[in-house]
Amino acid sequence: MLERHSIVAEQFEDAEQQSAAAHLGMWTFIATEVLFFGGLFLAYTVYRHFYFDAFAAGSKHTDAVYGTINSVILLTSSFTMALAVQFAKIGRAKLIVRFLLLTVFLGAMFLAVKGFEYHEDIVKHLVPGPNFDPSLPLQSQIFFWFYWIMTGLHAVHILIGLGVLSAMAFLARREKFSAQYHSPVEITGLYWHFVDIVWLFLYPLLYLVQRHA
Amino acid sequence: MNPKNPSRKLLAVTWIVLLVMHFTILGSAYLNLAWFNTPFIVTLAIIQMILVILYFMEVRYTAKLTWLFICAGFFWLLIMLTLTMNDYLTRTWH
């Protein structure tokens with residue numbers, strides 16, 4: 001099985017070119033994701049410009065503790081993912097599996113914390129609509145639309161990542177990767193790090209608006 | 001270790017720097033820096049992003065063609081943000 005994967009596909013001159021093509025393809029996909037989330041960040045920026053006070057009031061009602069814990073979890077998961085890639089490059093199957101599963105565990109922790117946070121948000125009437133917290137300005141509902149949509153889409157990306165990471169761990173366990181063939185692990189890593197990057201911006205823009213006031 | 005790879009030590013240092021920057025962002029949000037709060041926080045977030053791209057995503061060691069694709073993605077984002085905000089920010093100008 002390993003031999004089959006080791007063979008360079010006929011359209012490539014060598015393994016290095018094949019790997020470079022895979023990376024380029026993934027980066028092209030990530031560029032489309034940058035614009036996908038970019039549209040949301042742009043819409044957020046426009047409405048924040050118009051309704052800054054309502055956005056600040058809404059942001060203060062988010063729980064920065066949950067957000068901070070999740071940031072630490074996600075940054076750590078990026079580190080474990082980067083280590084999994086390093087071990088994939090030297091063909092250490094057991095260590096690849098170990099660090100991929102650690103990344104999966106941290107990703108699942110992120111979703112669990114998000115779940116607790118969502119529950120608390122619902123109890124505190126922070127879902128836009130007729131039951132929205134009446135003590136907040138009306139336009140804070142716009143802030144919370146962005147909060148739910150952006151964190152929700154990000155959580156969907158995490159969920160997809162967990163599926164792909166699990167598949168990679170399964171394949172690594174069956175010794176499908178080697179020092180010569182490990183592009184799938186690297187490509188999965190690129191996706192996971194991108195999801196981390198999105199959170200690096202979601203965190204300050206959703207949780208930390210005007211906290212000092 | 002292949003010289004085209006970041007060492008495990010470098011990855012660990014990157015992780016620690018990212019965490020330190022993260023708590024700097026958190027702390028600065030509770031300080032009154034007047035108009036400077038948001039620019040400061042966003043600048044730190046951009047630096048965090050660059051560190052993740054360069055070392056965790058290993059772009060520092062990748063082909064120049066890949067750099068071109070990455071820069072193109074962010075360039076289009078910059079166009080979208082700049083042109084749109086150029087409109088909204090100047091609507092009240094007389």
Side-chain angles (χ1 to χ4, degrees), chain A residues 16 20 23-35 37-39 41-43 45-50 59 64 67-68 71-72 74-76 78-83 85-87 89-90 179 186 189-190 192-194 196-198 200-205 207-213, chain B residues 1-2 4-8 10-12 14-16 18-19 21-23 25-26 28-34 37-38 40-42 44-53 55-59 62-63 65-78 80-81 84-85 87-89:
Chain A
E16 196 177 338
H23 277 76
L24 200 58
M26 191 59 197
W27 272 107
T28 307
F29 169 71
I30 290 175
T32 68
E33 286 276 273
V34 167
L35 292 175
F37 278 102
F41 280 112
L42 172 65
T45 309
V46 169
Y47 280 101
R48 177 176 152 148
H49 170 67
F50 283 128
S59 179
T68 304
S71 301
V72 172
L74 218 50
L75 284 172
T76 307
S78 254
F79 176 51
T80 57
M81 183 70 233
L83 288 176
V85 169
Q86 291 309 310
F87 287 120
K89 286 180 178 178
I90 51 174
E186 289 181 293
L190 290 180
W192 191 256
H193 297 310
F194 171 74
D196 184 22
I197 286 174
V198 173
L200 290 178
F201 288 93
L202 287 181
Y203 171 69
L205 294 179
Y207 293 88
L208 303 179
V209 184
Q210 206 78 344
R211 280 276 171 187
H212 59 84
Chain B
M1 185 69 71
N2 186 335
K4 283 190 169 183
N5 292 325
S7 66
R8 269 168 255 162
L10 180 59
L11 291 175
T14 305
W15 173 56
I16 291 165
L18 286 169
L19 288 178
M21 289 180 76
H22 171 68
F23 285 104
I25 287 174
L26 176 65
S28 72
Y30 288 89
L31 296 175
N32 188 356
L33 305 175
N37 271 91
T38 303
F40 181 72
I41 283 173
V42 171
L44 284 188
I46 290 171
I47 295 170
Q48 281 186 310
M49 176 186 76
I50 291 170
L51 286 175
V52 171
I53 290 176
Y55 297 106
F56 283 175
M57 297 169 102
E58 300 183 15
V59 168
T62 200
L65 184 62
T66 309
W67 280 79
L68 188 68
F69 273 62
I70 297 163
C71 291
F74 285 103
F75 182 64
W76 285 114
L77 178 68
L78 196 66
M80 185 166 71
L81 288 171
T84 310
M85 290 318 292
D87 173 19
Y88 283 110
L89 292 175

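First the proteins, then the strands, lettered A, B, ... as listed; each starts at 1.
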Looking only at B:M85, B:E58, B:H22, most heavy-atom pairs under 4.5 Å shared with chain A are made by B:H22
Margin query: Less than 4.5 Å apart, side chain to side chain, heavy atoms only: is that true for A:L190 and A:M26?
Written below: yes
Interface check, chain B: of A:G38, A:A31, A:G67, most non-hydrogen pairs under 4.5 Å belong to A:G38
With chain B, the option among A:V85, A:L208, A:L24, A:T28 that has the most non-hydrogen atom pairs under 4.5 Å is A:L24
Most heavy-atom pairs under 4.5 Å with chain A, out of B:V42, B:L68, B:L81, B:L44, belong to B:L81
Fill in: Aromatic ring proximity A:H193/B:F56, centre distance under 6.0 Å
yes
Turns out that what part of A:A213 lies under 4.5 Å from chain B's heavy atoms comes down to neither
Ranked by heavy-atom pairs below 4.5 Å to chain A, first place among B:I46, B:T62, B:L33 goes to B:I46
If you tally heavy-atom pairs under 4.5 Å between each of B:L18, B:I70, B:T84 and chain A, the highest tally belongs to B:I70
*For A:R48 and A:V209, indicate whether the former's side chain and the latter's backbone hold a donor-acceptor pair under 3.5 Å.*
no
So, the part of B:A12 with a heavy atom under 4.5 Å from chain A: the answer is both
| query | Can you check whether B:V59's main-chain N or O pairs, donor with acceptor, with B:W67's side chain at less than 3.5 Å? | reply | yes
Cut-off 4.5 Å, heavy atoms of chain A, and the answer for B:W76 is both
Applying a strict 4.5 Å limit to non-hydrogen atoms, the region of B:N37 in contact with chain A is side chain
- Query: With side chains defined as the heavy atoms from C-beta onward, is the minimum distance between A:Q86 and B:S7 less than 4.5 Å?
  - Reply: no
Most contact-rich option vs chain B, by heavy-atom pairs under 4.5 angstrom, among A:L75, A:D196, A:V34, A:I30, is A:L75
Comparing A:P204, A:S71, A:A20 against chain B, the one with the most heavy-atom pairs below 4.5 Å turns out to be A:S71
Assert yes or no for the condition that the ring centre distance of B:Y88 to A:F50 is strictly below 6.0 Å. yes
Okay, A:F87 and chain B: the region with an atom under 4.5 Å from a heavy atom over there is side chain
(Q) Counting C-beta onward and ignoring hydrogens, is there a side-chain heavy-atom pair between B:F74 and B:M49 closer than 4.5 Å? (A) yes
So, does B:S28 use its side chain to make a donor-acceptor pair with the main chain of B:I25 at under 3.5 Å? yes
The interface call for A:T76 against chain B, heavy-atom contacts under 4.5 Å, is both
- Message: So A:L74 and A:Y203, do their side chains get closer than 4.5 Å, heavy atoms only?
- Response: no
Under 4.5 Å to a heavy atom of chain B? For A:I197 that would be side chain
Across all chains, not counting sequence neighbours, the ring pair (Phe, Tyr, Trp, His ring centres under 6.0 Å) partners of B:F23 are none
